[in-house]
2 protein chains.
Amino acid sequence: MYAAAQTASFHPIARHPVAAERFPQARVHRIALFAADSEIYAQGERSGTLYHIAFGAVRIFRLLSDGRRQVVAFHLAGETFGFEAGRNRGFFAETTVETGLRTMEAGEYDACSPELMANALRGMARAQEHLLVVGRQSAIEKLAVFLVDLMGRQGDPDQIDLPMTRNDIGDYLGMTIETVSRNLTKLRAGGILRLPSSRCIEVLKPEHLRRLCQ
Amino acid sequence: MYAAAQTASFHPIARHPVAAERFPQARVHRIALFAADSEIYAQGERSGTLYHIAFGAVRIFRLLSDGRRQVVAFHLAGETFGFEAGRNRGFFAETTVETGLRTMEAGEYDACSPELMANALRGMARAQEHLLVVGRQSAIEKLAVFLVDLMGRQGDPDQIDLPMTRNDIGDYLGMTIETVSRNLTKLRAGGILRLPSSRCIEVLKPEHLRRLCQ
DNA sequence: CGCTGAGTTGAAATAGCTCAACTCCTGTGG
DNA sequence: CCACAGGAGTTGAGCTATTTCAACTCAGCG
């Protein structure tokens with residue numbers, strides 16, 4: 001779970017053609033490599049640092065006292081995260097897969113720039129959209145919204161790359177892994193999806209999926 | 001439901017001693033009076049205006065295509081709302097009770113001031129906290145968190161003023177009004193609450209309530 | 001005094017959870 | 001190259017919390 005970030009250095013960046021393409025060696029500037037399931041920051045730590053994801057994915061979550069976990073956001077390649085309302089982290093951040101991050105320390109950026117403001121507002125909007133999903137709707141609807149969102153953020157390919165486990169998805173949508181699995185099976189049985197592997201989903205009928213989102 | 005804001009003018013402000021006290025006549029400056037259940041803005045409208053609540057309460061929500069409603073936030077007296085990520089409103093805003101609002105048009109305020117930034121980040125944090133509640137936990141736990149939050153925002157009185165209906169609460173917590181009602185009854189049966197009226201809750205055992213929040 | 005909307009309560013239906021068994025995939029070591 | 005172990009995912013069966021539908025109470029108001 002808490003593999004040290006250093007271990008990532010054993011995996012040469014060349015194994016990530018996408019990342020290599022987007023951030024050619026000359027432009028790679030202070031990229032930190034993290035193995036899957038590495039902690040980026042913990043709840044309670046001093047905040048300030050921002051992170052830009054070169055490749056990989058990150059889950060933002062909180063641990064509840066009974067051991068349950070609520071994932072409040074996933075961040076994918078190309079996105080920036082790490083904004084906090086207070087001086088200390090309110091959540092944990094961990095990689096879900098092997099991930100490359102560029103960090104920006106407080107002081108390196110203008111804390112009140114229009115870009116940051118836009119990002120904060122977008123964060124609020126995304127959390128509120130997430131609320132719409134988690135708050136109501138059946139498990140299959142939640143899953144549909146999740147997949148359509150992922151599709152959009154990956155540039156609407158017909159093959160969705162799932163950079164997280166069923167456990168992560170369950171904790172994000174507020175349901176058990178069994179319910180996630182059962183409803184994926186249901187979508188497959190309906191001819192809407194194909195599941196070539198557990199980390200890849202081929203969307204056969206995008207319109208059907210979108211219709212489920214209402 | 002969509003009573004015009006004008007109708008509020010039939011209710012003299014003198015009926016609201018709290019408001020009168022906080023905003024004495026001399027300082028009342030462009031306060032708009034809204035009757036209960038009045039629309040403040042609608043999804044899709046051009047955004048920009050900010051609102052400060054002199055007295056009353058507001059629900060921020062979205063209507064789903066099947067008629068269900070998800071309330072993503074309540075705002076109470078003293079709070080400011082109306083920030084948007086985009087040029088257009090992503091949600092509806094309505095009063096839940098008779099409400100006095102001071103408006104600030106875009107241009108009257110600095111869109112990138114530290115105060116606004118702090119407000120945006122607080123909005124994000126609150127939405128994420130809300131996610132923790134809605135995403136998991138049993139109905140009774142959700143209700144406990146909701147009441148404790150309300151208590152805090154009203155200055156921790158032992159009498160909570162509920163400026164919204166069971167319906168609003170249900171749509172906020174992602175449950176039916178019957179479940180809200182049943183679980184309030186359960187808390188009352190446990191000697192934790194008293195319900196002098198449907199819009200007022202007396203908290204007899206705050207520690208018990210807090211313990212339910214974990 | 002009856003009407004109306006909000007809230008409460010009851011009974012039956014059901015979606016999702018829990019617990020458990022099983023498969024599949026992957027990596028490791030002989 | 002195969003055997004094996006361990007983790008991730010799937011499937012099944014029974015259980016339970018919440019929803020649904022319906023009846024009822026209660027308070028405010030013309």
Side-chain angles (χ1 to χ4, degrees), chain A residues 1-3 7 10-11 15 35-37 59 64 66-70 96-98 133-144 162-189 193-201 212, chain B residues 1-3 7 10-11 15 35-37 59 64 66-70 96-98 133-144 162-189 193-201 212:
Chain A
M1 194 67 167
Y2 292 91
T7 62
F10 295 118
H11 304 276
R15 281 179 55 200
D37 299 310
R59 61 178 166 252
L64 306 176
D66 60 354
R68 290 175 303 185
R69 197 181 64 162
Q70 176 69 45
T96 61
V97 291
E98 199 179 324
V133 180
V134 172
R136 299 193 153 261
Q137 305 184 20
S138 63
I140 205 159
E141 287 171 316
K142 289 188 199 181
L143 214 38
L162 282 185
M164 68 281 288
T165 64
R166 301 285 187 272
N167 224 313
D168 290 325
I169 298 173
D171 288 345
Y172 180 69
L173 297 177
M175 58 176 93
T176 61
I177 53 170
E178 293 96 329
T179 303
V180 173
S181 185
R182 272 184 247 277
N183 284 282
L184 280 178
T185 303
K186 226 180 256 182
L187 289 172
R188 190 189 46 174
L193 305 178
R194 232 170 53 79
L195 302 167
S197 84
S198 68
R199 291 304 187 90
C200 178
I201 292 182
L212 277 174
Chain B
M1 193 68 167
Y2 292 92
T7 62
F10 296 118
H11 304 277
R15 282 180 55 199
D37 299 309
R59 60 178 165 250
L64 305 176
D66 60 354
R68 291 174 303 184
R69 196 181 65 161
Q70 175 69 44
T96 61
V97 291
E98 199 179 326
V133 179
V134 172
R136 302 194 152 260
Q137 304 184 22
S138 64
I140 205 158
E141 288 170 316
K142 290 188 200 181
L143 214 38
L162 282 184
M164 69 281 288
T165 64
R166 300 288 187 267
N167 224 313
D168 289 324
I169 298 172
D171 288 346
Y172 180 68
L173 296 177
M175 59 178 92
T176 60
I177 53 169
E178 292 95 331
T179 303
V180 173
S181 185
R182 272 184 248 276
N183 284 283
L184 280 179
T185 303
K186 226 180 258 182
L187 289 172
R188 190 189 45 175
L193 304 178
R194 233 171 51 81
L195 303 166
S197 83
S198 69
R199 291 305 186 91
C200 179
I201 292 181
L212 277 173

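By convention in this document, chain letters (A, B, ...) are assigned in the order of the sequence lines, proteins followed by strands, and residues within each chain are numbered from 1.
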Integer-rounded Å distance: [N] [atom2] and [X] [atom1]:
| X | N | atom1 | atom2 | result |
| --- | --- | --- | --- | --- |
| B:Met175 | D:dT19 | CE | P | 7 Å |
| B:Gln137 | C:dC17 | CD | P | 14 Å |
| B:Glu141 | D:dT18 | CD | C1' | 14 Å |
| A:Asp171 | C:dC17 | CG | P | 11 Å |
| B:Lys186 | D:dT16 | NZ | P | 13 Å |
| A:Leu193 | D:dG9 | CG | P | 16 Å |
| B:Leu173 | D:dT18 | CG | C1' | 14 Å |
| A:Ile201 | D:dG9 | CD1 | P | 11 Å |

For this session: Report the C-alpha distance between A:Leu143 and A:Leu212 in whole Å, list the side-chain angles of each, state the deciding distance to 0.1 Å, and finish with yes or no for side-chain contact (heavy atoms from CB on, under 4.5 Å).
Result: CA-CA 9 Å; A:Leu143 214 38; A:Leu212 277 174; over 6 Å; no
Exercise. When you check every protein heavy atom under 4.0 Å of nucleotides 25-30 of chain D, what one-letter string (B, S, -) results, 5' to 3'?
Worked result: ------
Exercise. At under 4.0 Å between heavy atoms, what does B:Ser138 touch on the DNA or RNA strands: base, sugar-phosphate, or nothing?
Worked result: sugar-phosphate
Exercise. When all nucleic acid strands are considered with a 4.0 Å heavy-atom cut-off, which category describes B:Gly174: base, sugar-phosphate, or nothing?
Worked result: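 Sugar-phosphate, backbone atoms only, no base.
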Got a list of protein N/O to nucleotides 21-26 of chain C N/O distances below 3.5 Å?
none

Gap separating the [atom1] atom of [X] from the [atom2] atom of [Y], nearest 0.5 angstrom:
| X | Y | atom1 | atom2 | value |
| --- | --- | --- | --- | --- |
| A:Arg199 | A:Thr165 | CZ | OG1 | 6.0 Å |
| A:Glu141 | A:Leu173 | CD | CG | 12.0 Å |
| A:Cys200 | A:Leu195 | SG | CG | 8.5 Å |

Problem set entry | Listed once per pair and sorted, the salt bridge (Lys or Arg N to Asp or Glu O under 4.0 Å) pairs that draw on residues 174-187 of chain A, sequence neighbours left out |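 Checked against salt bridge (Lys or Arg N to Asp or Glu O under 4.0 Å) - neighbours excluded - no pair reaches residues 174-187 of chain A.
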Problem set entry | Of all pairs that satisfy salt bridge (Lys or Arg N to Asp or Glu O under 4.0 Å), the ones with a partner from residues 164-175 of chain A, not counting sequence neighbours | A:Arg59-A:Asp168, A:Arg69-A:Asp168, A:Arg69-A:Asp171, A:Asp171-B:Arg136
Exercise. Is it true that a side-chain atom of B:Ser181 and a backbone atom of B:Ile177 form a donor plus acceptor pair closer than 3.5 Å?
Worked result: no
For this session: Look at the side chain of B:Lys142 and the backbone N and O of B:Val133, then say whether any donor-acceptor pair between them is shorter than 3.5 Å.
Result: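 Checking the backbone N and O of B:Val133 against the side chain of B:Lys142, no donor-acceptor pair under 3.5 Å is found.
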Exercise. How bent is the helix from C:dC1-D:dG30 to C:dG30-D:dC1, comparing axes over its five end pairs at each side, to the nearest 10°?
Worked result: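 Comparing the first five pairs with the last five, the axes sit 20° apart.
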Problem set entry | Heavy-atom closest pair, residues B:Thr179 and B:Asn183 | O-ND2, 2.8 Å
Exercise. Between A:Ile201 and A:Leu184, which heavy-atom pair has the shortest distance, and what is it?
Worked result: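 Result for this residue pair: CD1-CD2, 4.1 Å.
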For this session: Could you walk me through whether B:Ile140 and B:Leu187 pass side-chain contact (heavy atoms from CB on, under 4.5 Å), step by step?
Result: CA-CA 8 Å; B:Ile140 205 158; B:Leu187 289 172; 4.1 Å; yes
Output one line per pair: protein atom, nucleotide atom from nucleotides 7-9 of chain C, and distance, for all N/O pairs under 3.5 Å.
from  : atom 1 : to       : atom 2 : distance (Å)
C:dG7 : OP2    : B:Arg166 : N      : 3.2
C:dT8 : OP1    : B:Arg166 : NH2    : 3.3
C:dT8 : OP2    : B:Arg166 : NE     : 2.9
C:dT8 : OP2    : B:Ser181 : OG     : 2.8
C:dT8 : O5'    : B:Ser181 : OG     : 3.0
C:dT9 : OP2    : B:Thr185 : OG1    : 2.6

Problem set entry | Within-4.5 Å side-chain heavy-atom neighbours: A:Val97 and A:Met164 | no
